[in-house]
Amino acid sequence: MSTEDYQAPFEGPEKLLEIWFTPSAGNLRHVHRQLWEDMLDIVQCKVLSVVHGSEMDAYLLSESSFFVFPHRLILKTCGTTLNLLGLPRILEIAANHANLPSVDRCFYSRKSFMFPERQSGPHRDWKEEVQYLDNIFTNGAAYTIGKVNGDHWLLYIMEQPSGDTPHPHSPEDAPHKAEGKHSDYTIEILMSGLSHDARQPFFSPANDLVDSPSHAQLLSKRLGISGIFPPHLTTLDAFSFNPCGYSSNALIKWEEDLQNIGCDATIDGSESQGGEGYYTIHVTPEEGWSYASFECNIPLSLRPTKASEEAIPDLQSLVKRVVSIFEPSRITLTLFISSEDNDADGESAGRNAQVYKRTDKINYGFGGYDLAFASFELK
């Protein structure tokens, strides 16, 4: 996804930075938009549009997405953006403009780059990224998950030692249900080698001379992106790039549909009160480096449920819907979930994709989190 010359290689795999601040009376959503835009200038991307939900603000960027919660930020950027260089400014803004001076947890992750030689700053090498983060945080740990000489996933975690700070899942943060009552849950579906038929719709028509959110909305409906989650629960913000590429953020109001999740108001054993979540999609359709990513924080049932366009899908159904849109030749799937929901299984998520064979499966435990990692290739 880029507005640059689509004949030049473009790095689709994103850098993903997530920061949880120790809860206080401060609120990141009260920060003026211009301050965030100044930070994004450092990262080298721009705001295209923003949707304000009940629990978060979703910024669609020229290179991916930025989500702002009361006490948490998610910055996801692709291409040659300088994601980590925005971190010091984020910490400064949080302390000085949101009264949030203390970081409780920080996560940084990315898939292995297709074109690492095109990166700059600390992103030229994983060791440099780790060193950059270690210079800011004192409790960090870095991991490589998957085959070093194949598709793999890189993860850095900083979490305050138990007892040092209130945990975001504690009763002190109960009013902020998006960050308190719910389990922390993120699924990523990272797809490369998209089929010819799946790639073609993401090239702008020859007579379309401008980037277009209206074209993106029509495309989203035609391809089934708008129907990944029930449309009546979805607020979709999408953008088609010229000459090619696509990005979208969606806010999902899943509290209205608890009876259809398939687990009787619980998410695999954890009490759920519903709330607002997101998904985000980014597509680089050029042959040779085609790539699409899907990320979602809606807690989904790991058990198969009755399929319905009006119901929140279970995890296997979600993966099937997404993969059918993009028809990739390779898939990396990660499920990162707080340990109270410790049934995470990346292989089961891909079980319905019968045209794929599993090439890797790894389960990790990190303090209060479990990670399921799996990779698949076409048979």
Side-chain angles (χ1 to χ4, degrees), residues 1-19 28 31-51 57-68 73-94 97 106-133 135-136 154 156 188 190 202 210-211 213 216 237-249 280-286 289 291-293 295:
M1 171 275 306
S2 175
T3 55
E4 67 181 67
D5 180 359
Y6 66 89
Q7 295 302 318
F10 185 81
E11 189 68 64
E14 300 94 346
K15 313 166 183 86
L16 179 58
L17 177 67
E18 180 171 349
I19 309 166
L28 294 165
V31 172
H32 195 279
R33 171 173 167 170
Q34 185 59 52
L35 289 171
W36 296 133
E37 291 184 340
D38 292 344
M39 178 274 295
L40 293 169
D41 284 342
I42 298 171
V43 177
Q44 298 184 1
C45 58
K46 300 291 184 182
V47 174
L48 299 176
S49 58
V50 60
V51 173
D57 302 316
Y59 291 80
L60 198 61
L61 306 180
S62 56
E63 280 81 12
S64 301
S65 299
F66 178 48
F67 295 93
V68 181
L73 296 173
I74 299 172
L75 177 60
K76 183 171 189 168
T77 62
C78 60
T80 55
T81 51
L82 300 168
N83 185 296
L84 288 179
L85 294 191
L87 176 56
R89 181 60 177 147
I90 289 173
L91 300 180
E92 180 183 350
I93 291 172
H97 298 276
C106 179
F107 305 92
Y108 174 72
S109 64
R110 64 172 176 85
K111 187 177 181 290
S112 48
F113 288 136
M114 296 181 183
F115 306 103
E117 70 281 0
R118 293 177 60 83
Q119 299 297 319
S120 58
H123 301 295
R124 289 174 297 217
D125 183 79
W126 175 237
K127 291 182 180 179
E128 291 186 41
E129 292 173 307
V130 171
Q131 185 61 58
Y132 186 89
L133 290 161
N135 289 339
I136 297 174
L154 302 162
Y156 181 97
E188 286 189 277
L190 311 177
F202 297 102
V210 294
D211 300 332
D237 184 20
F239 196 89
S240 291
F241 292 85
N242 186 349
C244 67
Y246 169 93
S247 285
S248 65
N249 291 334
T280 183
I281 293 175
H282 305 283
V283 183
T284 300
E286 298 96 320
W289 51 88
Y291 175 83
S293 68
E295 178 188 339

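Just so you know, residue 1 is the first one in the sequence shown, and it goes up from there.
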Pair S248, Y246: side-chain N/O donor-acceptor within cut-off below 3.5 Å | yes
Can you check whether V31 reaches W36 side chain to side chain, under 4.5 Å on heavy atoms?
-> yes
Which heavy-atom pair separates R118 from T80 by the least distance, and what is that distance?
-> O-CG2, 3.2 Å
Answer yes or no: is there a side-chain heavy-atom contact under 4.5 Å between E11 and Q119?
-> yes
Do H282 and S65 have a side chain donor and acceptor closer than 3.5 Å?
-> yes
Among T81, N249, L75, the one residue meeting side-chain contact (heavy atoms from CB on, under 4.5 Å) with L61 = L75
How long is the span from the OG1 atom in T280 to the CZ atom in F66, to the nearest 0.5 Å?
-> 13.0 Å
Closest contact, heavy atoms only, F239 versus P213 | CE1-CD, 3.9 Å
Just wondering, do T284 and F202 contact through their side chains at under 4.5 Å, heavy atoms?
-> no
Locate the shortest heavy-atom distance separating S64 from E14; write the atom from each residue and the value.
-> OG-CG, 3.6 Å
Salt-bridge present (D57, R33; N to O < 4.0 Å) = no
SB check K76 E188 (cutoff 4.0 Å) = yes
Exercise: do Y108 and E129 side chains pair donor with acceptor under 3.5 Å | yes
